[in-house]
Each structure stands twice: as C-alpha cells, then as structure tokens.
Amino acid sequence: MTDNMMNGMGWWMALWGLIGLAVLALAALGIIRLVRSLSGPGRSTAEGEDSAELELRRRYAAGEISGEEYHERLTGLRQ
C-alpha cells in the first residue's frame with residue numbers, strides 16, 4: 001500500500017514541477033516581449049525618436065535636401 005501511495009505522490013510532484021517550468025517560461029517570454037515592444041523597430045532607444053525623422057535630419061544636415069523639402073517631409077511623417 002505504501003508503494004502505491006508513493007507512486008501517486010511522484011506523479012503529483014512531476015506535474016507541479018512541469019507547471020513551475022511552464023510558469024517560468026511564460027514569465028521569461030513576457031519579459032522578452034515587453035522589452036522588444038518598448039524598443040521596437042523604428043525607434044531609437046537613446047532619444048525615443050522615429051528612425052525616419054533621424055534619417056531626414058541626417059540628409060538635411062548633409063545638404064542632400066533643402067530646408068523647404070525637410071519641413072514638408074517632416075510634416076508628412078508626423079501626420
């Protein structure tokens with residue numbers, strides 16, 4: 001009778017171990033997803049500025065586009 005009771009308890013221990021691992025895996029995936037969403041594509045983590053605006057600013061500073069074109073495109077990006 002003792003062997004039967006110990007065998008049943010072993011299954012419960014294994015089940016709770018698997019549940020614990022599943023909870024840890026879900027927590028890790030949640031943290032990874034949160035970090036990725038906060039620093040997602042198109043954002044500069046240092047300034048929080050859109051990468052398209054940074055490229056536009058770089059082109060204006062390099063003289064590739066005029067001031068008028070810069071302001072037109074910037075307005076278009078922000079709409």
Side-chain angles (χ1 to χ4, degrees):
M1 182 164 194
T2 307
D3 286 337
N4 193 15
M5 192 165 57
M6 292 298 284
N7 196 13
M9 191 167 28
W11 283 103
W12 281 107
M13 289 174 62
L15 177 65
W16 282 109
L18 290 174
I19 290 172
L21 286 175
V23 168
L24 286 175
L26 287 173
L29 289 173
I31 290 171
I32 291 169
R33 188 169 182 169
L34 177 66
V35 168
R36 284 185 178 174
S37 70
L38 292 176
S39 63
R43 287 287 181 201
S44 169
T45 56
E47 298 177 26
E49 191 172 18
D50 191 25
S51 62
E53 289 184 19
L54 290 173
E55 178 65 19
L56 187 60
R57 183 183 300 166
R58 185 201 63 77
R59 291 184 64 199
Y60 177 64
E64 296 176 11
I65 58 174
S66 67
E68 182 179 320
E69 186 177 359
Y70 170 78
H71 290 292
E72 285 177 19
R73 290 183 180 203
L74 186 61
T75 302
L77 286 172
R78 292 184 174 172
Q79 289 180 348

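Values in this document were obtained by computation on a predicted structure and should not be read as measured data. Values below: every heavy atom of this structure, side chains too, minus hydrogens, waters and symmetry copies.
- For I65, the side-chain contact (heavy atoms from CB on, under 4.5 Å) partners at least two apart in sequence or on another chain are L56, R59, Y60, E69, Y70.
- For the side-chain contact (heavy atoms from CB on, under 4.5 Å) test, no residue two or more places apart in sequence or in another chain qualifies with L26.
- Annotation for L29: hydrophobic cluster partners, listed by chain and number, are none (ILVMFWY side-chain heavy atoms under 4.5 Å, direct or chained).
- Neither L18 nor L24 shares a network with the other; the hydrophobic side chains, linked directly or stepwise wherever heavy atoms of I, L, V, M, F, W or Y lie under 4.5 Å apart, form separate groups for each.
- Contacts of E72 classified as side-chain hydrogen bond (donor to acceptor under 3.5 Å, both in side chains), with partners at least two apart in sequence or in another chain: none.
- In this structure R33 satisfies the salt bridge (charged side-chain N to carboxylate O under 4.0 Å, His left out) test with no other residue, sequence neighbours excluded.
- Expressed to the nearest 0.5 Å, how far CD of E55 lies from CZ of R73 amounts to 10.0 Å.
- Residues near L21 contribute nothing to a hydrophobic cluster around it, because no ILVMFWY side-chain heavy atom sits closer than 4.5 Å to its side chain.
- Annotation: side-chain contact (heavy atoms from CB on, under 4.5 Å) contacts of Q79 (sequence neighbours excluded): T75.
- Applying the side-chain contact (heavy atoms from CB on, under 4.5 Å) test between L34 and each of I31, I32, L38 identifies L38 as the sole match.
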